[in-house]
Undergrad: 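Sharing a structure with you now.
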Amino acid sequence: MTTAKDGAGSALRCIGLEKRYGSLSVVAGLDLHAERGEFVALLGPSGCGKTTTLRLIAGFEQLDAGVITVGERPVAEACPGRPARELPPERRRVGLVFQDYALFPHLSVRRNVAFGLPRGGDRERRADKALAMVGLDGLGDRMPAQLSGGQQQRVALARALAPRPDVVLLDEPFSNLDVELRAAVRAEVRQILADAGTTGVLVTHDQEEALSLADRVAVMWDGRIVQAAAPEELYHRPASREVAAFVGDAQFLPGEAAAGRVACALGDLPVIGSQGGAVDVVLRPESLRLRPIGTESDAGARGKVLSRQFYGHDQSLVVQLESGSRLRVRAGPLMGVRPGDVVQVTVRGAVQVFPREV
């Protein structure tokens with residue numbers, strides 16, 4: 001199986017993509033790439049241009065500027081003032097999985113999968129092979145209405161994989177599933193793509209989905225990619241305060257940074273990077289630690305537990321520091337603190353800081 005680690009080159013490359021509707025710029029100088037066998041999540045808030053980007057790649061929207069290459073082949077190229085040169089969607093070797101599955105209710109499962117295949121004697125065999133790939137072998141004669149939501153999603157994936165595309169694009173494909181089913185189905189889809197060695201690009205606004213599924217997450221904001229990185233790097237080393245606030249649960253304390261340290265309400269802390277002056281310290285709930293007063297050193301700051309939510313596998317607490325700042329803390333299930341308890345709050349490891357917002 002070819003994967004991104006094999007260094008086999010890009011399956012998808014987008015350079016300087018622009019799309020406007022009148023005076024409204026929806027995609028503005030976007031750069032995006034996906035290596036062969038890689039699974040990339042395009043993450044961003046509603047209205048940032050994610051779905052428009054997918055439609056540009058698929059050929060359902062026309063570029064105003066930029067270049068799209070699938071495999072080794074340019075499929076769209078546009079320069080301002082010149083007519084765009086674009087291949088039609090059916091010639092781009094791109095598969096699509098839609099939010100609503102887009103299955104034909106009057107066609108059998110097999111015929112739905114075979115719909116995008118060229119006519120010929122092996123059409124049904126290829127459809128059955130694609131169904132087997134997604135774990136639905138033997139269900140080709142059923143109608144879509146006879147399947148569960150998760151099974152319908154896999155039929156849609158089989159239809160996208162049947163023509164053997166270079167890239168499969170997934171547009172919010174799990175949002176119509178029940179919460180209990182969603183995690184299981186998305187893990188199945190991810191494994192199916194990995195087993196097939198197929199490059200996937202997922203559009204989502206769900207941070208948990210993006211971080212748990214993708215090899216790399218590209219955060220999109222106002223029509224541009226503002227950071228693209230492995231999930232761990234994106235979470236622990238966000239490129240800006242905005243990315244830190246958008247990805248995961250971030251909270252900020254004011255501080256003064258100098259010489260690799262920052263002074264704030266939680267004490268004198270080591271800093272990642274070399275930022276100096278007035279800053280905001282980024283704190284994740286799981287990076288904070290609570291302990292009873294007087295059990296260890298006096299590092300950190302005193303605080304009072306205001307509230308507690310117990311989930312079984314962990315618990316979430318709100319603590320008010322003596323400075324007045326309130327912090328969310330995620331602790332293990334065995335920590336026996338209760339609202340009203342006074343605790344010492346410390347920080348695990350170095351912290352990231354950004355220039356203070358005024």
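What's counted below: heavy atoms across the whole structure, side chains too, no hydrogens, waters or symmetry copies. This chain uses plain numbering: 1 for the first residue, then up along the sequence.
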Undergrad: If you measure from CG on Leu103 to CG on Asn112, what distance do you get to the nearest 0.5 Å?
TA: 5.0 Å
Undergrad: Under the salt bridge (charged side-chain N to carboxylate O under 4.0 Å, His left out) definition, can you give me all pairs with a residue in residues 142-162, not counting sequence neighbours?
TA: Arg154-Glu188
Undergrad: For the CG atom of Leu131 and the CG atom of Leu157, what is their distance to the nearest 0.5 Å?
TA: 10.5 Å
Undergrad: List the residues meeting salt bridge (charged side-chain N to carboxylate O under 4.0 Å, His left out) with Arg216, not counting sequence neighbours, and say none if there are none.
TA: Glu38
Undergrad: Give every residue pair that meets the ring-ring contact (aromatic ring centres under 6.0 Å, His included) criterion with at least one member in residues 243-280, sequence neighbours excluded.
TA: Trp221-Phe246
Undergrad: Kindly compute the distance separating NZ (Lys129) from CD (Glu124), expressed to the nearest 0.5 Å.
TA: 16.0 Å
Undergrad: Is it true that Leu327 and Val353 fall in one hydrophobic cluster, defined by side-chain heavy atoms closer than 4.5 Å?
TA: yes
Undergrad: Evaluate the side-chain contact (heavy atoms from CB on, under 4.5 Å) criterion for residues Thr204 and Leu43: first the C-alpha distance (whole Å), next the side-chain angles of each, then the deciding distance (0.1 Å), finally the verdict.
TA: CA-CA 5 Å; Thr204 183; Leu43 173 67; 4.3 Å; yes
Undergrad: Mind checking the CG-OG1 spacing from Leu12 to Thr69? Nearest 0.5 Å is all I need.
TA: 8.5 Å
Undergrad: Closer than 3.5 angstrom, by distance alone: can the side chain of Thr53 be matched with the main-chain N or O of Gly49 as a donor-acceptor pair?
TA: yes
Undergrad: Do the side chains of Gln275 and Pro355 get nearer than 4.5 Å, heavy atoms only?
TA: yes
Undergrad: Are the side chain of Gln352 and the backbone N or O of Pro238 linked by a donor-acceptor pair below 3.5 Å?
TA: yes
Undergrad: Just how far is it from atom NE2 of His33 to atom CZ of Arg13, taken to the nearest 0.5 Å?
TA: 5.5 Å
Undergrad: Would you name the heavy atoms of Val40 and Ala34 that are closest together and state the gap between them?
TA: CG2-CB, 3.8 Å
Undergrad: Could you give all pairs that pass the ring-ring contact (aromatic ring centres under 6.0 Å, His included) test and reach residues 110-134, with sequence neighbours left out?
TA: Phe104-Phe115
Undergrad: Are Leu139 and Val155 side-chain neighbours, meaning at least one heavy-atom pair lies under 4.5 Å?
TA: no
Undergrad: Between Leu117 and Pro163, is any pair of side-chain heavy atoms under 4.5 Å apart?
TA: yes
Undergrad: Give the C-alpha distance, both sets of side-chain angles, the deciding distance and a yes or no for side-chain contact (heavy atoms from CB on, under 4.5 Å) between Asp171 and Leu96.
TA: CA-CA 8 Å; Asp171 187 8; Leu96 274 138; 5.8 Å; no
Undergrad: For residues 310-353, pull every pair meeting ring-ring contact (aromatic ring centres under 6.0 Å, His included), keeping only residues two or more places apart or in separate chains.
TA: none
Undergrad: If you apply the rule side-chain contact (heavy atoms from CB on, under 4.5 Å), what do you find for Arg330 with Ser316, and how did you get there?
TA: CA-CA 5 Å; Arg330 188 169 295 123; Ser316 177; 5.7 Å; no
Undergrad: With no hydrogens and no angle check, just 3.5 Å: does a side-chain donor-acceptor pair link Glu172 and His205?
TA: yes
Undergrad: Between Asp215 and Arg190, does a side-chain contact (heavy atoms from CB on, under 4.5 Å) hold up when you go through it step by step?
TA: CA-CA 10 Å; Asp215 299 311; Arg190 178 67 182 94; 3.0 Å; yes
Undergrad: Tell me, do Arg356 and Asp280 make a side-chain contact under 4.5 Å, heavy atoms counted?
TA: yes
Undergrad: Going by the rule ring-ring contact (aromatic ring centres under 6.0 Å, His included), which residues pair with Tyr235 if we only count those two or more places apart in sequence or in a different chain?
TA: none
Undergrad: Is the count of non-hydrogen atoms from other residues, nucleotides or ligands lying under 6.0 Å from Arg123 atom CZ greater than 12?
TA: yes
Undergrad: Is it true that a side-chain atom of Gln315 and a backbone atom of Val337 form a donor plus acceptor pair closer than 3.5 Å?
TA: no
Undergrad: Spell out, yes or no, whether Val203 and Phe98 are grouped together once hydrophobic residues are joined by side-chain heavy atoms under 4.5 Å, including indirect joins.
TA: yes
Undergrad: Would you say Leu269 ends up clustered with Val345 if hydrophobic residues are merged whenever their side chains have heavy atoms under 4.5 Å apart, either directly or through other cluster members?
TA: yes
Undergrad: Tell me every residue that passes salt bridge (charged side-chain N to carboxylate O under 4.0 Å, His left out) with Asp166, counting only those two or more places apart in sequence or in another chain.
TA: Arg93
Undergrad: Please examine the side chains of Val282 and His236, heavy atoms only from C-beta on, and report whether any two atoms are closer than 4.5 Å.
TA: no
Undergrad: Give a yes or no answer on whether the side chain of Arg224 reaches the backbone of Ala28 with a donor-acceptor pair at less than 3.5 Å.
TA: yes
Undergrad: Any side-chain to backbone donor/acceptor pair from Arg182 onto Phe174? Under 3.5 Å, distance only.
TA: yes
Undergrad: Which residues satisfy the salt bridge (charged side-chain N to carboxylate O under 4.0 Å, His left out) test with Asp122, sequence neighbours excluded?
TA: Arg125
Undergrad: When hydrophobic residues are tied together by side-chain contacts of less than 4.5 Å, even through go-betweens, does Val27 share a cluster with Val67?
TA: no
Undergrad: With hydrophobic residues grouped by side-chain heavy-atom distances under 4.5 Å, do Val168 and Leu42 end up in a single group?
TA: no
Undergrad: Taking side-chain hydrogen bond (donor to acceptor under 3.5 Å, both in side chains) as the definition, give me every residue that meets it alongside Glu77, ordered by chain and number, with sequence neighbours left out.
TA: Arg85
Undergrad: Compare all side-chain heavy atoms of Pro89 with those of Val94 and state whether any distance is below 4.5 angstrom.
TA: no
Undergrad: Is the backbone N or O of Pro339 less than 3.5 Å from a side-chain atom of Ser307, with the two atoms forming a donor-acceptor pair by type?
TA: no
Undergrad: Any donor-acceptor pair under 3.5 Å linking the side chain of Glu322 with the backbone of Ala301?
TA: no
Undergrad: Tell me every residue that passes side-chain hydrogen bond (donor to acceptor under 3.5 Å, both in side chains) with Glu208, counting only those two or more places apart in sequence or in another chain.
TA: Arg186
Undergrad: Check whether more than 12 heavy atoms from other residues, nucleotides or ligands sit under 6.0 Å from atom CZ of Arg126, and answer yes or no.
TA: yes
Undergrad: Decide yes or no for Thr52 and Tyr21: does some side-chain heavy atom of the first lie under 4.5 Å from some side-chain heavy atom of the second?
TA: yes
Undergrad: Using the rule side chain to side chain contact (heavy atoms under 4.5 Å, CB included), only one of Val70, Ile57, Leu63 pairs with Cys14; which is it?
TA: Ile57
Undergrad: Could you check whether any side-chain N or O of Lys50 sits under 3.5 Å from a backbone N or O of Met220, counting only pairs where one atom can act as donor and the other as acceptor?
TA: no
Undergrad: State, yes or no, whether a side-chain contact exists between Val113 and Asp128 at a heavy-atom distance under 4.5 Å.
TA: no
Undergrad: I need the full list of ring-ring contact (aromatic ring centres under 6.0 Å, His included) pairs touching residues 34-76, with sequence neighbours left out, sorted by first then second residue.
TA: none
Undergrad: If only atom types and distance count, is the side chain of Gln344 paired as donor or acceptor with the main-chain N or O of Arg291 below 3.5 Å?
TA: no
Undergrad: Does Arg92 come within less than 4.0 Å of Glu86, counting only side-chain N to carboxylate O?
TA: yes
Undergrad: Could you work out, with salt bridge (charged side-chain N to carboxylate O under 4.0 Å, His left out) as the rule, every residue matching Arg328, not counting sequence neighbours?
TA: Asp249
Undergrad: So, taking the atom named CE in Met335 and the one named CG in Asp314, what distance separates them when rounded to the nearest 0.5 Å?
TA: 12.0 Å
